[in-house]
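Inspection log for the structure reproduced underneath, given as structure tokens.
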Amino acid sequence: MSASVWTVERIRRLIALWGEGRTAAAIADRLGPEISRCAVLGKVHRLGLVRAAPARPPSRPRGASAFPKRRFQQVAPSRPASQVSSPAAPERPEATVLSVRRGQCRWPYGTPGSVDFGLCGHAVARGAFCAAHAAIGYQTRPMSAEGLMRLAGFGHDPS
DNA sequence: CCCTGATTCGC
DNA sequence: GCGAATCAGG
């Protein structure tokens, strides 16, 4: 017979002790060696006994193996379909941070700080980028109706 | 580094 | 349902 470790008696004591404001570790101690602090926390949570939440803004997705190793996401300029039909972008950087001059595309290549880091260097078409990279970097996303109204000077002001 | 409670997920 | 793992904050 596999009686749950959480007997009625233990649950009763848990509720009482939790109500007294004891800490999970202290409760785990009193409930016996079978009950760990985590077990207490888990049970408390499961019972919905969560002590008055101090309005803690849920900062992030958390929990066991939420993101075990994928914690760092590669953040690199993504290359959507726009690049396919755009004028050629160089395979390798043709300028460096030090060498790049006015009129040269400043699209980054490689990892900043590493020796191979460089800049596109092609002739600027728009802003700081050549045509190919401007197509990627200056994508204008469709603006919401609210955004358009705000931009037009019609703030949504009910009063 | 110790502690706290909170949260998630594999079992 | 259970609780270890892992989080943020003190």
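Just so it is clear: chains get the letters A, B, ... in the order the sequence lines come, proteins before strands, and each one is counted from 1.
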Give, ordered by number, those residues of residues 32-41 of chain A having at least one heavy-atom distance below 4.0 Å to an atom of DNA chain B; if nothing qualifies, reply none.
-> A:Arg37, A:Leu41

Please determine, for the side chain of A:Ala24, which listed nucleotide (B:dG5, B:dA6, C:dG3) has the closest atom?
-> B:dG5

Keeping the roles fixed (side chain from A:Ser36, backbone from A:Ala39), state whether a donor-acceptor pair exists under 3.5 Å.
-> yes

Any A:Lys43 side-chain N or O less than 4.0 Å from OP1/OP2 of C:dG1 = no

Between C1' of B:dT4 and CZ of A:Arg22, the distance in whole Å = 15 Å

What nucleotide among B:dG5, C:dG3, B:dT7 has an atom nearest to a side-chain atom of A:Trp18?
-> B:dG5

Expected output: side-chain A:Arg101 to main-chain A:Ala95 donor-acceptor under 3.5 Å = no

Sequence-distant partners of A:Arg22, salt bridge (charged side-chain N to carboxylate O under 4.0 Å, His left out), two or more places apart = A:Glu20

Does A:Arg13 reach the main-chain N or O of A:Leu31 with its side chain, forming a donor-acceptor pair under 3.5 Å?
-> no

Got A:Lys43 and A:Trp6 here, is their nearest side-chain heavy-atom distance under 4.5 Å?
-> yes

Is the phosphate of C:dG1, meaning OP1 or OP2, less than 4.0 Å from a side-chain N or O of A:Ser4?
-> no

Would you kindly give the NE2-to-C1' distance between A:His45 and B:dT8, to the nearest whole Å?
-> 9 Å

Let me know the distance between CG of A:Leu14 and P of C:dG1, rounded to the nearest Å.
-> 15 Å

Residues in side chain to side chain contact (heavy atoms under 4.5 Å, CB included) contact with A:Ala123, at least two apart in sequence or another chain = none

Here the distance between atom P of B:dG5 and atom CZ of A:Arg46, to the nearest Å, is 15 Å

Provide, to the nearest angstrom, the distance between the CG atom belonging to A:Leu17 and the P atom belonging to B:dG5.
-> 12 Å

